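Worksheet: the structure to be examined is printed underneath.
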Amino acid sequence: MKYWPGKMTNTRDNGQLLMVFVLNREEYLEEILSGFLEIGISGATIIDSMGMGRILAYDIPIFAGLRGVLAGGRPHNKTIMSVLPDRGTYEKAFELIEDVCGSLDDPGIGILFALPIVDARGFLSRD
Amino acid sequence: MKLMDFVCPSCVAADLDVTDKELVLGRMVEMLAEGGRIGDPGKLLDSLLEREKIMTTGIGHGIAVPHTVCEEVKSQTIALARIPAGADFDSLDREPVYFVFLLVGPPAASATHLKTLARISRLVQHSDFIQEIKQAATAREIIEILAGEDDKHAG
């Protein structure tokens, strides 16, 4: 298995992106990660996370009134980060996510965004 | 954000002489009604009490920040009251409340309401400010102290 992007260094213009996906519907995680493998995304970091609203409403007494707003919401989510080689891979990831979870325009699914990468180190190529 | 943009000048009391939570809220709602800032005071008071049921807004150090969004409120408004004898707000630290920031707004301005609540929340983290405002002897002094804090954070 070859891990992208292989060895070393990257410049601003080579199109690498950091994809960040905050997945509220944690039950979709396995299918999403399997799908990522299918489209060639073979490395990612998954973090257990929590929304700001949840912390405000439950940990800071003055904002306890927000609990009504969050009623029915999920207490935790997963944040998935992956370095992608190019915009095309990111678009494939986006299509996969919506295929699995439904439209991200619908509330409660999650949020997805990408950042340009200036430099990336520590990635390995394996046969 | 300037809190003074929302303070109702006629809704500042330096010597509120009630010590029961519901009576304190009722008196402050009356001030807002007399200031022309709200419609039905009974409905606003109910809304404030509903919020208190979720969790007390007596956040400790002698401060309470009762708040709600309600259809009876014409625009985002703050009323202020100093309670020299201390009121029982069932505060988190079980201590009496000596100063109340009452924040109300219409549902359509919920985002502004939340930002204002956050501003007040940060302000009352500062012990110097708390001491100063609890000792303010007149409504004018209260307003000057708050305006001073606004000026410090201008921009």
Side-chain angles (χ1 to χ4, degrees), chain A residues 18-29 45-81 90 94 97-98 101-116 118, chain B residues 3 21 25 44 46-70 73 76 78 89-95 97 99-126 129-130:
Chain A
L18 175 67
M19 176 185 69
V20 181
F21 178 40
V22 180
L23 174 64
N24 291 324
R25 301 290 296 272
E26 293 183 77
E27 65 268 29
Y28 293 135
L29 179 64
T45 297
I46 293 92
I47 301 169
D48 289 326
S49 48
M50 185 185 298
M52 172 181 168
R54 176 69 51 173
I55 293 176
L56 285 173
Y58 287 91
D59 293 353
I60 306 176
I62 198 171
F63 295 112
L66 291 174
R67 292 178 190 176
V69 174
L70 294 173
R74 306 296 179 100
H76 299 97
N77 45 41
K78 299 285 189 193
T79 298
I80 304 166
M81 296 193 294
Y90 174 71
F94 170 55
I97 287 167
E98 289 213 312
C101 306
S103 171
L104 291 181
D105 291 337
D106 293 336
I109 304 295
I111 60 170
L112 172 71
F113 59 94
L115 305 169
V118 172
Chain B
L3 295 178
K21 180 196 280 199
L25 294 176
L44 177 58
D46 286 344
S47 184
L48 285 165
L49 292 172
E50 280 302 308
R51 169 56 186 87
E52 293 294 322
K53 285 180 188 174
I54 298 173
M55 180 176 280
T56 179
T57 58
I59 56 174
H61 303 291
I63 302 292
V65 192
H67 57 275
T68 192
V69 290
C70 178
V73 181
Q76 172 109 310
I78 296 173
F89 251 74
D90 194 23
S91 293
L92 298 174
D93 61 1
R94 303 191 182 281
E95 294 293 320
V97 161
F99 199 89
V100 179
F101 293 82
L102 178 73
L103 171 65
V104 297
S110 294
T112 303
H113 183 81
L114 189 57
K115 287 180 188 175
T116 311
L117 186 61
R119 175 78 188 100
I120 294 172
S121 174
R122 287 184 61 212
L123 188 61
V124 299
Q125 300 298 316
H126 298 285
F129 170 77
I130 291 175

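Small disclaimer: the values here were computed from a predicted structure and weren't measured. Here is how names work: the chains are called A, B, and so on, in the same order as the sequence lines, proteins then strands, and each is numbered from 1. Only this structure's heavy atoms are used, side chains among them; waters, hydrogens and symmetry mates stay out.
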Partner residues of D48(A) under the salt bridge (charged side-chain N to carboxylate O under 4.0 Å, His left out) criterion, sequence neighbours left out: K78(A)

Enumerate, atom names and distances included, each donor-acceptor pair closer than 3.5 Å involving a side-chain atom of residues 102-113 of chain A, sequence neighbours excluded.
unit_1: S103(A); atom_1: OG; unit_2: D105(A); atom_2: N; d: 3.0

Interchain contact, I59(B) with chain A, by part (heavy-atom threshold 4.5 Å): side chain

Reported CG-to-CG distance for the pair L56(A) and L114(B), which is rounded to 0.5 angstrom: 7.5 Å

NE2 on H67(B) to CZ on F63(A), rounded to 0.5 Å: 8.0 Å

For the student: nearest non-hydrogen atoms of S121(B) and I62(A), plus distance: OG-CG2, 3.7 Å

